[in-house]
Structure formats: structure tokens, C-alpha cells
Amino acid sequence: LADSLGWTALIEDPTTNPYFQDFVASPASWALHVQLFYLARHLRDIAYMNRTQANFVRDRSFSEGFAVYGLGLFEEGLLTRRDWDLYVSIYEHLAPRFPVPDLMIYVRADDHRLINRIRERARPGEAEAIRPRLAKFNSLYDTWIRQFTACPVLTVNASDIDTTVNAKALEEFADSVRLRLDVESE
């Protein structure tokens, strides 16, 4: 999408999180570390975005890590009440610094499609970390996006399009984003 729009992509790569493999081995011991690393990564991305003043496509929003993954790990008991309270406090302090997107694109996919995509990516430990939590995360995503009011939301059903193999579908998707953002093709 970023290439089609002529914008810069900021992609969150879990393999760069030095706590991720520890989390896979012992989720309760490393859940807070994983979440704080991603929060710090968001801050780094914000600084980069502010320095460059370019247009960006991010594959993660600043609030979803908190509202989906953080909350999911807390509800599962992998974040203690004390760790959750610390995470909430840090997030609430930083959230006003997070830029509001012009458009939130919510790519909705069923559990089966998500498992297939995770398997195709073949990132070390990802399937083991996500599979037992997938239904919960999907439910939290649906709740989060229903309550999201910071900007317009474009919901896309991943079952309807596969932009990874269909160039025409990608261009049609990019056109719908351009239309929603009222921007010209670059």
C-alpha cells in the first residue's frame, strides 16, 4: 500500500524485539518487557515521523498495542495487576504525544486466515505466541475498532481481497484509500 501511494512504510517486525523469544518460552515472565519494547518502538517511530514530515503507512497503530495486546495479556493473567497498572500509567502519559492518523485501515480476518498468514511468514516463535491467543486478540480488535473514534475507519475484509498476490486488488484498495483521504495518485 505504501509503495502504491508513494508513501513511507513503517512496519513493526516482532523479530527485532529482543524479548520476543523469551516471551514465547515464558509468557508470564516477559509479557511486560515485550509490551514496553513495542511502546518504546512507537516513540522512536514518532520521532522519525516528526523529523521527516513525510506521509506514512504504519502496519500498527499506537493504541492497538495497548487496547489489544496489552489488555489481552492482562486478561489472560500474563501481566500482573501491578505490571498492568504500570503499563497503563506509562501509556496514558505518552498517548497524547501519539499522532492521530488521517485514516485507520482495519483489515479484518478470521482466525483461519490469520493462522495461514502467520504460518506463511514463518517468523520464529510467532505461531507459538499467537495461536493460543488468536481468538481473544481478534475479539479485542473488534471491540477496539468499534470504540475507535480518533479518525475515520476503513474496514477491509481480508477474505475479500488478497493484495499479496493480486496487483489489481492492491491498486483498487489503494484507490479506495486515496478517495477516503482525498489525495491524488503519486
Side-chain angles (χ1 to χ4, degrees), residues 1-2 9-14 17 20 23-24 27-28 31-32 34-39 41-42 45 56-81 83-85 87-88 90-92 94-96 98-121 123 125-166 169-170 172-177 179-181:
L1 178 61
L10 289 176
I11 307 299
E12 184 177 279
D13 181 358
N17 188 326
F20 189 73
F23 172 77
V24 171
L32 181 62
V34 165
Q35 289 305 108
L36 290 177
F37 176 85
Y38 287 128
L39 195 54
R41 175 63 54 90
H42 291 318
D45 287 351
F56 292 92
V57 172
R58 293 189 83 239
D59 69 334
R60 298 276 181 227
S61 80
F62 298 111
S63 61
E64 82 181 82
F66 173 79
V68 175
Y69 297 101
L71 181 59
L73 296 174
F74 172 65
E75 289 181 352
E76 189 178 339
L78 298 177
L79 287 173
T80 65
R81 167 56 69 182
D83 287 348
W84 174 246
D85 289 346
Y87 183 56
V88 168
I90 293 168
Y91 176 82
E92 287 177 346
L94 296 174
F98 297 158
V100 176
D102 295 317
L103 177 67
M104 177 66 67
I105 301 170
Y106 177 52
V107 181
R108 177 73 176 95
D110 61 42
D111 293 356
H112 178 72
R113 180 172 291 273
L114 290 171
I115 287 294
N116 287 340
R117 288 194 176 168
I118 289 167
R119 197 175 297 129
E120 289 168 10
R121 284 195 301 245
R123 293 175 178 159
E126 186 179 28
E128 295 84 356
I130 299 297
R131 187 174 291 127
R133 299 170 182 88
L134 190 59
K136 176 66 171 178
F137 287 160
N138 238 351
S139 174
L140 287 170
Y141 263 113
D142 288 341
T143 299
W144 168 71
I145 205 66
R146 275 194 311 273
Q147 297 171 351
F148 186 85
T149 59
C151 70
V153 175
L154 173 61
T155 300
V156 177
N157 187 336
S159 299
D160 294 341
I161 61 169
D162 188 351
T163 60
T164 60
V165 295
N166 186 334
L170 175 59
E172 289 172 357
F173 177 55
D175 286 343
S176 70
V177 170
L179 183 65
R180 292 291 294 266
L181 292 173

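Using a 4.5 Å cut-off on side-chain heavy atoms (C-beta onward), L73 and R133 make contact. M104 places a side-chain heavy atom less than 4.5 Å from the side chain of I145. Contact check for F173 versus I105: side-chain heavy atoms found under the 4.5 Å cut-off.
Put simply, the residue from D142, N157, T155 that forms a side-chain hydrogen bond (donor to acceptor under 3.5 Å, both in side chains) with R108 is D142.
In this structure, CG on L179 lies 10.0 Å from CG on L154, to the nearest 0.5 angstrom. For the atom pair S176 OG and L103 CG, the distance stands at 8.5 Å (nearest 0.5 Å). Here L78 contributes atom CG and L32 contributes atom CG; the two are 11.5 Å apart, rounded to the nearest 0.5 Å. To the nearest 0.5 Å, atoms CG (L79) and CD (Q35) are separated by 6.5 Å. The CZ atom of F137 sits 14.0 Å away from atom CH2 of W144, with the distance rounded to the nearest 0.5 Å. To the nearest 0.5 Å, atoms CZ (R41) and CG (L39) are separated by 12.0 Å.
Between Y38 and F66, the distance from one ring center to the other does not fall under 6.0 angstrom.
When all heavy atoms of P101 and C151 are compared, the closest pair comes out as O-CB, 3.1 Å. Closest approach of G70 and Y87 over heavy atoms only: CA-CE2, 3.9 Å.
Salt bridge annotation for R81-D85: present, with a cationic side-chain nitrogen under 4.0 angstrom from a carboxylate oxygen. Between K136 and E75 there is a salt bridge, since at least one side-chain N of the basic residue sits less than 4.0 Å from a carboxylate O of the acidic one. With salt bridges taken as basic N to acidic carboxylate O contacts below 4.0 Å, none links D102 and R180.
Scored by the ring-ring contact (aromatic ring centres under 6.0 Å, His included) test, F37 finds no partners at all (sequence neighbours excluded). By the ring-ring contact (aromatic ring centres under 6.0 Å, His included) test, F74 is found to be paired with W84, residues two or more places apart in sequence or in another chain being considered.
With hydrogens and angles disregarded, a donor-acceptor distance shorter than 3.5 Å links the side chain of N138 to the backbone of A109.
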### Task
Report the C-alpha separation of V57 and V177 in whole Å, then their side-chain angles, then the decisive distance to 0.1 Å, and conclude whether the side chain to side chain contact (heavy atoms under 4.5 Å, CB included) test is met.
CA-CA 11 Å; V57 172; V177 170; over 6 Å; no

